[in-house]
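All remarks here apply to the structure that follows.
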Amino acid sequence: MPADREVLSILNAHPVGPPDSAAREAIWRLYIGSCAENVDFDALVAVGEMFTPADIEYAARKVSRRAFEHEITHRTGVPAGTDDFLAAITDTRPTLTEQPLTSFDEDIENYLRI
C-alpha cells in the first residue's frame, strides 16, 4: 500500500455514538453487581438515556458510597435499590446533550464511508 493511502486509511473517522438501551443495561449491571435483584433496570435505562458509560459508573459509585455510609450509620443490612439509583441519576448531570448528538448524526451523514 502506498504511504499516502496508508495515512489516509488511518485518518478515516469511525463515529461511535451513545450506548443504546441494551448497552446501558449491561453497563448498569456491571456496576451494580450483587444488589441487582433489588433494581428495576428498565427504569434506570429509561431515565439515563443521555448517560455515557462514565456517567453510569459515576452514578453507581455515588449509590455505593451512600449505601456504605448509610449502613455504617444505621446498620440495617438493606442493599441499595431502584430508588437509590434513580436518586443518583437525578443528582448526576449527563455528559450528553441534544447538541452534540445532533452534531454526531450530522457527522455520520456527512462523513460515513462504506
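Just the heavy atoms: all of them, side chains too, but no hydrogens, waters or symmetry mates, feed the values below.
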Next item on the list: Mind listing the closest non-hydrogen atom pair of N38 and P79 along with its distance?
Entry: ND2-CG, 2.8 Å
Check: Out of curiosity, D42 CG to E25 CD, how far, rounded to the nearest 0.5 Å?
Finding: 6.5 Å
Checklist line | Pi-cation contact, F51 with R24 (under 6.0 Å, within 45°) | finding: no
Next item on the list: Find out if a path of hydrophobic residues (ILVMFWY) with successive side-chain heavy-atom gaps under 4.5 Å connects M50 to I56.
Entry: no
Note to self: Testing the basics here: between D55 and L96, what is the closest heavy-atom pair and its distance to 0.1 Å?
What the structure shows: OD2-N, 4.4 Å
Checklist line | Donor-acceptor under 3.5 Å (T82 side chain, D40 main chain) | finding: yes
Notebook entry, point to check: Do E71 and R75 sit within salt-bridge range, that is, some charged N less than 4.0 Å from a carboxylate O?
Noted result: no
Item checked: Test applied, salt bridge (charged side-chain N to carboxylate O under 4.0 Å, His left out); reference residue, D91; option that passes from R66, K62, R65 -> R66
Notebook entry, point to check: Taking all non-hydrogen atoms of both residues, which atom of A67 and which atom of A80 are closest, and how far apart?
Noted result: CB-CB, 4.3 Å
Notebook entry, point to check: Do Y31 and L86 share a hydrophobic cluster, counting only Ile, Leu, Val, Met, Phe, Trp and Tyr and linking them when any side-chain heavy atoms are less than 4.5 Å apart?
Noted result: yes
Note to self: How about CD on E69, more than 12 heavy atoms from neighbouring residues, nucleotides or ligands closer than 6.0 Å, or not?
What the structure shows: yes
Next item on the list: Go through the steps for D105 and T102 under the test side-chain hydrogen bond (donor to acceptor under 3.5 Å, both in side chains), then give the verdict.
Entry: CA-CA 5 Å; D105 289 339; T102 301; 5.8 Å; no
Note to self: Donor-acceptor check, side chain of S103 to backbone of Q99, threshold 3.5 angstrom: yes or no?
What the structure shows: yes
Note to self: When you measure from the side chain of D84 to the backbone of V63, do you find a donor-acceptor pair of N or O atoms at a distance under 3.5 Å?
What the structure shows: no
Check: Do I32 and V47 sit in the same hydrophobic cluster, where Ile, Leu, Val, Met, Phe, Trp and Tyr count as joined when their side-chain heavy atoms come under 4.5 Å apart?
Finding: yes
Next item on the list: Would you kindly confirm whether I89 and F41 end up in one hydrophobic cluster when ILVMFWY residues are joined by side chain heavy atoms under 4.5 Å apart?
Entry: yes
Item checked: side-chain contact (heavy atoms from CB on, under 4.5 Å) assessment of V39 paired with F85 -> CA-CA 8 Å; V39 177; F85 287 97; 3.7 Å; yes
